[in-house]
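Being a predicted model, the structure only gives us computed values, none of them experimental.
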Amino acid sequence: PLLRWDEVPDDFVECFILSGYRRLPCTAQDYYGFGSTVAYYYYLLPGLSLLDARVMTPYVQQRLGWHVDCTGLIAAYRALVLPVAFLLAVACTVACCKSRTDWCSYPFALRTFVFVMPLSMACPIMLESWLFDLRGENPTLFVHFYRRYFWLVVAAFFNVSKIPERIQPGLFDIIGHSHQLFHIFTFLSIYDQAYVIVL
């Protein structure tokens, strides 16, 4: 049975949602979304010019005038990307769980930060698009990669603003509330992500 806002613990009450509650414990499910993001970028990484020492060493020498061999730096990045991603996943899961406690003054901001944090794993692709002509070399990857960010910004907007339930409390308790819109736009982002993987 669904519960009203006054029948659940305070740490589970969402602003402007008056009914439709059920109690769910915080689980490792939060890790799954981050893990899939890490896997996505890890499979894309080998094809990036940015992570190819044969491309980067001459690029750095010609463009920046630095006489450096990028082989060691790229090898270190490849060795550290998965352990760092794992630590970020654990930190994001803990932060998301802690956002439901009394000490957290801005739970929605913290959860949005946790949602955005995995995007840091996209740095190699972002740098690739800035340093090389990603739009010219692979326009499909370029469009889907940046459109993914658009969907994520829209999802974050709904997650933080609590629109539409902020405008009409009680009307969007079950269908159409901001958390559902958050998931819809996150799904559109994941669709673009998956599309790039199968290219």
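Rounded to the nearest 0.5 Å, atoms OH (Tyr191) and CZ (Phe185) are 16.0 Å apart. A distance of 7.0 Å separates SG in Cys92 from CZ in Phe113, rounded to the nearest 0.5 Å. With rounding to the nearest 0.5 Å, the separation of CG in Leu141 from OH in Tyr146 is 9.5 Å. With rounding to the nearest 0.5 angstrom, the CD1 atom of Ile74 is 6.5 Å from the OG1 atom of Thr57. Distance check: Ser189 OG to Tyr149 OH gives 9.0 Å after rounding to the nearest 0.5 Å. Here Arg148 contributes atom CZ and Ile190 contributes atom CD1; the two are 8.0 Å apart, rounded to the nearest 0.5 Å.
Note on Trp151 and Phe145: separate hydrophobic clusters, where clusters join Ile, Leu, Val, Met, Phe, Trp and Tyr whose side-chain heavy atoms are under 4.5 Å apart, directly or indirectly. There is no path of hydrophobic side-chain contacts, each under 4.5 Å, that joins Leu110 to Tyr106.
Checked by atom type and distance alone, the side chain of Glu7 never pairs as donor or acceptor with a backbone atom of Ser19 at under 3.5 Å. Of the possible polar contacts, none joining the Arg135 side chain to the Phe142 backbone as a donor-acceptor pair under 3.5 Å is found.
Shortest non-hydrogen contact noted between Ser161 and Arg166 is O-NE, 2.8 Å. Listed here is the closest heavy atom pair of Gln61 and Val68: NE2-O, 3.6 Å. The minimum heavy-atom distance linking Leu18 with Gly170 is given by the pair CD1-CA, 3.7 Å. In terms of heavy-atom proximity, Pro107 sits nearest to Ser99 at CB-O, 3.3 Å. Pro139 approaches Gly136 most closely through the heavy-atom pair CD-O, 4.0 Å.
The number of heavy atoms from other shown groups lying within 6.0 Å of CG (Leu80) is above 12.
Shown are Phe172, Phe158, Phe157; of these, the side chain to side chain contact (heavy atoms under 4.5 Å, CB included) with Leu181 is made only by Phe158.
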| said: Between Ile163 and Ser178, is the side-chain contact (heavy atoms from CB on, under 4.5 Å) condition met? List the steps. | reply: CA-CA 6 Å; Ile163 292 176; Ser178 61; 5.9 Å; no
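Note: Phe182 and His179 have tilted aromatic rings, judged against thresholds of 30 and 60 degrees for the angle between ring planes.
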